[in-house]
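FYI, side chains are in, hydrogens and waters are out, and symmetry mates aren't considered; it's all heavy atoms of this structure.
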Amino acid sequence: GKRNCICGDLSPLASFIAYNYTNSIDAKRFDKEYREIVQDLEKTCGWMYQTKHTDGSIGTISFVVWSEVFVCPNCGEEIVFFKEGVDENGDVTKTIKCPRCGSENVKKDLNRSQDTHFDKDLQGIITQSKYIPVLIVYTDKFGKEHSKEPDREDLAIINKIFSEDIDTWYPTDAMMGIGAKWGDSWRAGYHNGITNVHHFYLKRSLRTLSYLYDRIAQLQPEWKAVFLSIITALSKQQRYRANSGFPNMILSGTL
């Protein structure tokens, strides 16, 4: 006869995942909801993922590469790692040459440039390691993929995203409790200023995920399972490697 199973686990997340892996869904309903959600996301967040092609037409951004910025110990000039520490094949060079004074250093001997700004969620000034956008990969109106350096309009969109408030909810909880510090296993520098959950995301991704979560909050549990499957790939844990299977290359043991 019919048999039922009961899933139990000390971890609420494990129980949630097991439920969604074993529970059947209404495929037609799910597909309908998916199409409606994508349309809503395009209307609300689509402008953040637009860039101009060489002919002036609008392309759709697939991803943006952000580079670490270091400070030359010899002259104090900022060194953009992607430009000075990566060769034409996309491989990391053994030494990094300063564009101003020409001195060469290995990465571990360079100090990270710092970015200080006001965090509205924490109502205070925070200092984090500096990153800047260096490469945009996008598709044109015909679906063909291209890449470009961010231009003035791209930077203006990024600044607009950064300056505007996010209307929907997102978590701002302190990592590992108030006053806690990262353990010995973290890589020096990466956690500088990352103290709360929202610091794991660039503002564009945070805004999109916040709206998406608000949109699916009242839907069936499988939508939150889908949401959980993408939040890491859209975080700062995502890394870029030229000529690789990017995205979905999560940098483990760092954040």
Give every residue pair that meets the salt bridge (Lys or Arg N to Asp or Glu O under 4.0 Å) criterion with at least one member in residues 51-65, sequence neighbours excluded.
K52-E153
Sequence neighbours left out, cut at 3.5 Å: what donor-acceptor pairs do the side chains of residues 71-79 make with other protein atoms?
residue	atom	partner	partner atom	Å
E77	OE1	R100	NE	3.2
E77	OE1	R100	NH2	2.9
E78	OE1	K130	NZ	3.2
E78	OE2	S113	OG	2.7
E78	OE2	K130	NZ	3.2

For I126, the other hydrophobic cluster members (4.5 Å side-chain criterion, sorted by chain and number) are L122
Report the residues that fulfil side-chain contact (heavy atoms from CB on, under 4.5 Å) with L228, sequence neighbours left out, ordered by chain and then residue number.
L13, F16, I231
Qualifying residues under side-chain hydrogen bond (donor to acceptor under 3.5 Å, both in side chains), relative to T116, sequence neighbours excluded:
T127
Other than I125, what residues sit in its cluster of Ile, Leu, Val, Met, Phe, Trp and Tyr side chains whose heavy atoms are under 4.5 Å apart, directly or through others?
F118
Taking ring-ring contact (aromatic ring centres under 6.0 Å, His included) as the cut-off, I'd like each qualifying pair that reaches into residues 134-159, sequence neighbours left out, listed once.
H53-Y138, H53-H146, Y138-H146
Those residues that, when tested against R204, pass salt bridge (Lys or Arg N to Asp or Glu O under 4.0 Å) (two or more places apart)
none
Which residues pass the side-chain contact (heavy atoms from CB on, under 4.5 Å) test with N111, not counting sequence neighbours?
none
Going by the rule side-chain contact (heavy atoms from CB on, under 4.5 Å), which residues pair with S147 if we only count those two or more places apart in sequence or in a different chain?
L135, V137
Name each donor-acceptor pair under 3.5 Å that joins a side chain in residues 168-175 to protein atoms two or more places apart or in another chain, with its distance.
residue	atom	partner	partner atom	Å
T168	OG1	S210	OG	2.6
T168	OG1	Y211	N	3.4
Y170	OH	D121	OD1	2.8
Y170	OH	D121	OD2	2.6

S235: what forms a side-chain contact (heavy atoms from CB on, under 4.5 Å) with it, not counting sequence neighbours?
Y201, T232, Q237
